[in-house]
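Below are the structure tokens for one structure; questions will follow.
So that the names make sense, note that chain A is the first sequence line, chain B the second, and so on, each numbered from 1. Since this is a predicted model, take the numbers as computed values, not measurements.
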Amino acid sequence: MQAQPNTDAALRRLETMQLIRAYELALVELQRAGAPGTCTSVGQEACAVGVIEALDARDRIVSNHRSAGHLIARGAEPRRLMAEVLGRVDGYCGGRSGSLHISAQELGVVLTSTIVGGELSMAPGVALAQKMGKGDPGGIVAVFFGDGAACEGIFHEALNLAVLWQLPLLFVCENNQWQAFVHRLETMAEAAIADWARGHGLMVETVDGNDVDAVQDAAARAVAQIRASGGPAFLELSTYRQRGHFEPDDQTYVDPTELRGWLRRDPIRLYSERLRARGLIDSAGLTALQLRIDASITAALAYAQTSAWPSPETLTEYVYA
Amino acid sequence: MQAQPNTDAALRRLETMQLIRAYELALVELQRAGAPGTCTSVGQEACAVGVIEALDARDRIVSNHRSAGHLIARGAEPRRLMAEVLGRVDGYCGGRSGSLHISAQELGVVLTSTIVGGELSMAPGVALAQKMGKGDPGGIVAVFFGDGAACEGIFHEALNLAVLWQLPLLFVCENNQWQAFVHRLETMAEAAIADWARGHGLMVETVDGNDVDAVQDAAARAVAQIRASGGPAFLELSTYRQRGHFEPDDQTYVDPTELRGWLRRDPIRLYSERLRARGLIDSAGLTALQLRIDASITAALAYAQTSAWPSPETLTEYVYA
Amino acid sequence: MTPYSAIPKMSRMTAEQAMHQALREEFQRDPDVMLMGEGVATKRRDLLDDFSAARVRNTPLAEAIIAGTAVGAAASGLRPVIDLLFAPFMTYAMDALVNSAGKLRYLSGGQFRFPLVAIGMTGGGWSVGGQHNHNLEAMFVHAPGLKVVMPAAPADFKGLLKAAIRDDNPVLFFADIGLLHEAGDVPEQDDFIVPIGRAAVRRVGDDVTLVAYAKTVNVCMQAAAQLEAEGIAAEVIDLRSLKPLDVDSVLNSVRKTGRLIIVHEASGLCGIAAELASLAATHAYASLRAPIIRLTGPDAPAAASWVLEQAAIPTVEAVAQASRDLVEFMPVSLSETNLCTPNHRSAGSQSCIY
Amino acid sequence: MTPYSAIPKMSRMTAEQAMHQALREEFQRDPDVMLMGEGVATKRRDLLDDFSAARVRNTPLAEAIIAGTAVGAAASGLRPVIDLLFAPFMTYAMDALVNSAGKLRYLSGGQFRFPLVAIGMTGGGWSVGGQHNHNLEAMFVHAPGLKVVMPAAPADFKGLLKAAIRDDNPVLFFADIGLLHEAGDVPEQDDFIVPIGRAAVRRVGDDVTLVAYAKTVNVCMQAAAQLEAEGIAAEVIDLRSLKPLDVDSVLNSVRKTGRLIIVHEASGLCGIAAELASLAATHAYASLRAPIIRLTGPDAPAAASWVLEQAAIPTVEAVAQASRDLVEFMPVSLSETNLCTPNHRSAGSQSCIY
Ligand SMILES: Cc1ncc(C[n+]2csc(CCOP(=O)(O)OP(=O)(O)O)c2C)c(N)n1
Ligand SMILES: Cc1ncc(C[n+]2csc(CCOP(=O)(O)OP(=O)(O)O)c2C)c(N)n1
Ligand SMILES: [Mg+2]
Ligand SMILES: [Mg+2]
């Protein structure tokens, strides 16, 4: 039985999920107009929001190509994210990253890799540094990765090391059923990921990744366990990638029945209904919220689009320290 | 309950194990006299002999740096192996391999890699080819690897692929407790390997790797299951590396109590006692056997030492097909 | 092998379509040819339908085992083609490609052959940044036992892919992203192949030799057109194969022109341009009339930002200017230290680590 | 930084001992320095005892996570040194080294630094064959964001390892197996470092420049001694650092001698010799008095057999003969096609893929 969040927390969860969604959809529009494509996290907002709420400022996050939700949930400014996607100087990485490997050290979002598995290869080292006193005292690390990354050998190596060295590391597998253009049932056995993790002898929990309260709850338990024991824990969040792998993507390879089923379980829709049922928000409130978010995204976009391009003179800046 | 082998089979098992031992010890002497060092399989003879007896001529073997037992059990001539170790033209690979990556295609011992994990990376492909009709009909593949290789990510990838594609592949993990100069308890949890394999949902059995009958029995069951199902199986053979990682090695890092314990369970000693108890051999017979083997090894050595060096003119032969 | 000029039936198609046609034809021709990779069966659905699921396999997301499986299968009689998607993902497949495919034939004394093809895309044009865009083909040229091709023209995408599939050695096939959707005339014949190891002289000229591959071939062609108006006749050589290199074609041209400029998008350091410059400095030394110039990408990861991504690619203007410099070069008049290399002069940035 | 010549206290020790001393001193100096690898705590037991198990860590047998962990730790304030044992095992660590350590500083717009050192052994001498013996240092020179060193003298093993540990960039440290047990004078001072990026002129001469690194430095020194008796004064340059290269030292020497021979054990194709020959052909062109010669290992895996292993390493005789050829070179008298490259003439085998 999970605890109910208080009103503020509940509304914040909804708002953050909606902000992520609005941000992602704005990028979809932008791509249609010629901007670089992105891997959107539409449908997976509850994973990002639920897990990140369970972390403290002292904790660190390591992420991957589908990172916008993690970043926004952690407080990243959509305008600076958009500037990054557009390759402008005001982006978090000065336009060098684009959407695929955005880090924001000021927020504790470090070492994003778009090499699938790269996030898993680096996260134990960040956790080791925390353990050896390099981060803020008591800080842990959460690493977000996909079901596809679980197929890479580094998944096995990272788990073994984290367990062996008892690293303060939360493995967060967003199992969105897809690995680019391949369904995960074509790449692994039905129940694979949690079973693989269990073989390593750490705390493993499988959660409905479209229920933000459930995610937050499980993440909070896992984080508490990591802080108490010093060692790692593992969450598998069952969710679904509602849009294509990378914009544009016509999704002709997707089973429409499966997609429809998951759309009915859209995390934002589920949560809006829940909060409405609890009387925490009504239609008018939802509309007002949406308007507010849309306005903020419009402003962010304007900011990003007017941000300067990096100068070609800086081409080889930051190669070496 | 395992079946007792008939007299011939039992004596052959003993003889092959002794041949491997004598071969390895001859290489130790050779190294002391300045020849290249080798990774001996002293203490692990029952693994090689037991598993390979369970295979047919149509089956293929993929091996690693500690391969002499696998090769000899499969019928490789010690003299050609020794020539290879010495880098001579009569070696199985014309002296190009040395001891570390000996393949003998004529025996079905293919694609040996000394990169730990290399054997695991290639074995599914060999099994796929068998499955797609490239080998002898009904042939399966056995891949020998160590407990150390199980720490490499490729272990996870190979298992997943073999299970997913239902490849006729027998994974044989010779868990000899050591990974070069590191005890496996420093690299993984106590019971790790079989647990990791079980997470992949295939048939997994853990066997006393120093009991050749037990190994043969389990291997025969696994092979039967692979032939029947088409899919893979996994054996973990508990054994011990009695000598150093690579000759010479003073083993100062080894716990002498642990080593003594395993020496008491030496596979050849155990099996000699068992056969004596069954009345299949007596002291005189054992002595005669040892003399015969020693003589054959002496002859092999003479052959190898008089084999020619490859000509420097051939330096770049066999780089490209 | 049908020589290029003798091909009568041509179709207009993109490089990507040409690759697909090559795959189809080789699938048809040889039942041992198979394809593995993340999404290959999704993307090439028609091959799956026409040639069976056994031969067209979506794989787990695990490049090391994809490549390792190809190595094992190739040694056992199949002819696997693996699509590793973007070239930097090959870093996960390096053991299988470099230590196994490239070495085990030799180390086994010739017991095995590894007829496999590994495809990777790379190059600027998609603003995807340095973990997708990294021209690392020279790493594989440096490794023994591998062949490496990187075509520029759609016809070569087809002909080299077919040749790679038929080759008994492991071949790395690099596809420049920026070229995949460019169209060109492509021979339709099943037996059309482009032999690995032969460059194509795209334009004949006596004054300067411009050597390039992939995207920069067109950069050189445009520069040559500009230079023609100025009375400078540039010879443009499209390498097509990076290993084996068609050393004779390059050296013969340099012996004729006495001037050599090598242009590629990859980093200059220990790159193909370095190899060719070095070969010329040995084997065409007496013919050289001016310093050799390399125009290459910088020693820097590729940035996603369009402006920076483009600034890393050698420009037509840089090639034209370098050509003029060489033609005007006089040992006394021009200080050789003014010839900067590697560079991309239009970008103005020279702060390399050299 | 203490210049070499000013060091008073020297001890005689092997290169391996010099590396160990470097580690000890840097462990002492900076508590953020740590060591990870398969068996490092076993092999360097004294460091474990003196500096805690937290800082000296035996790892699982898994190079990818060793390197990845070093990357994560380095970005988070530690200064990890990882021992990857033999260079070819780095193929498992390529993603972490090339895509993460080499690129994420740049792609993050300078947010992170990666002060890590990755050590690998390689080179002929142990008859271990091509999966242990593979001089692949040029692959890392080609990749952006990394530094690469490969010393020859015990003092440089120490000084460069210390410099690498203090460097804020990822540094690949290659140890030539054949040199590890050779002894030499090594400064004992804690503050002794050898700056990365500076070559050492081991011998001064006016007639020909011999550039080498690691094992082949000594080959060149021996050749130079032979040549001296014949009245040929060879200048011998030990590169020490392969990235950044000390371009000025090499070019200044070539401008003086007009003749350049580069010697290394690694394959010639896209190797360090190619890079240097190319630089000289651009920046010292007007000074060149003869073709540039590369004497390198062949485009072949290393064989285990002692005879073949040795045949792959450039010999003193080959260096001496190439030097004579260049000194005698006259544009008309010697056909340039007789200068074979890359080669190892004593072995007599020229059947490269070039
Ligand atoms: C090593 C590597 N292989 C392939 C890719 C191409 N790619 C990018 S994302 C992706 C799918 C990843 O699946 P998953 O880990 O489940 O994450 P998701 O995209 O579903 O969030 C692929 C194949 C890559 N970036 N890196
Ligand atoms: C990728 C790689 N890493 C390290 C080594 C060095 N090495 C050779 S054998 C070995 C230990 C292997 O342990 P295990 O797999 O258990 O096999 P065993 O030697 O015990 O038979 C090591 C570390 C190697 N050859 N390849
Ligand atoms: Mg997924
Ligand atoms: Mg072992």
Side-chain angles (χ1 to χ4, degrees), chain A residues 113 115-124 143 145-167 171 173 175 179 182-204 206 229-234 236, chain B residues 113 115-124 143 145-167 171 173 175 179 182-204 206 229-234 236:
Chain A
S113 177
I115 302 291
V116 171
E119 70 292 55
L120 287 165
S121 90
M122 298 184 292
V143 56
F145 60 100
D147 46 300
C151 294
E152 297 278 6
I154 195 73
F155 170 83
H156 175 70
E157 297 186 16
L159 274 167
N160 185 36
L161 194 76
V163 171
L164 189 72
W165 287 2
Q166 286 293 294
L167 300 176
F171 290 90
C173 181
N175 178 354
Q179 304 172 6
V182 182
H183 197 281
R184 80 166 186 95
L185 292 180
E186 253 191 283
T187 76
M188 57 175 65
E190 171 82 46
I193 305 163
D195 286 346
W196 291 342
R198 259 181 220 108
H200 285 272
L202 77 173
M203 168 189 174
V204 176
T206 302
S229 71
F234 192 102
E236 178 178 342
Chain B
S113 177
I115 302 291
V116 172
E119 70 292 55
L120 287 165
S121 89
M122 297 184 293
V143 56
F145 61 99
D147 47 300
C151 294
E152 296 277 7
I154 196 74
F155 170 83
H156 175 69
E157 297 186 15
L159 274 167
N160 185 36
L161 194 76
V163 171
L164 188 72
W165 286 3
Q166 286 292 294
L167 301 176
F171 290 90
C173 181
N175 178 355
Q179 304 172 5
V182 183
H183 197 281
R184 80 167 186 92
L185 292 180
E186 253 190 282
T187 76
M188 58 175 65
E190 170 82 47
I193 305 163
D195 286 345
W196 292 341
R198 259 181 221 109
H200 285 271
L202 77 173
M203 167 188 174
V204 175
T206 302
S229 72
F234 192 102
E236 178 177 342

Heavy-atom closest contact (A:Gly199 atom, B:Asp195 atom, distance): O-CB, 3.7 Å

Check whether A:His156 reaches the backbone of B:Glu157 with its side chain - one donor and one acceptor, N or O, closer than 3.5 Å.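 It does not hold such a pair.
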
What one should report as the nearest heavy-atom pair of A:Thr187 and B:Asn160 is O-ND2, 2.9 Å

Name the member of B:Gly153, B:Gly201, B:Ala197 that forms the most heavy-atom pairs with chain A at distances under 4.5 Å.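 Heavy-atom pair counts peak at B:Gly153.
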
Closest non-hydrogen contact found for A:Leu164 with B:Leu185 is CD1-O, 4.4 Å

Structural part of B:Glu152 lying under 4.5 Å from a heavy atom of chain A: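 Its backbone and side chain both get close to chain A.
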
B:His200 side-chain N/O to A:Ala189 backbone N/O, donor-acceptor pair under 3.5 Å: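 No; judged by distance alone, with no hydrogens or angles, the pair does not exist.
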
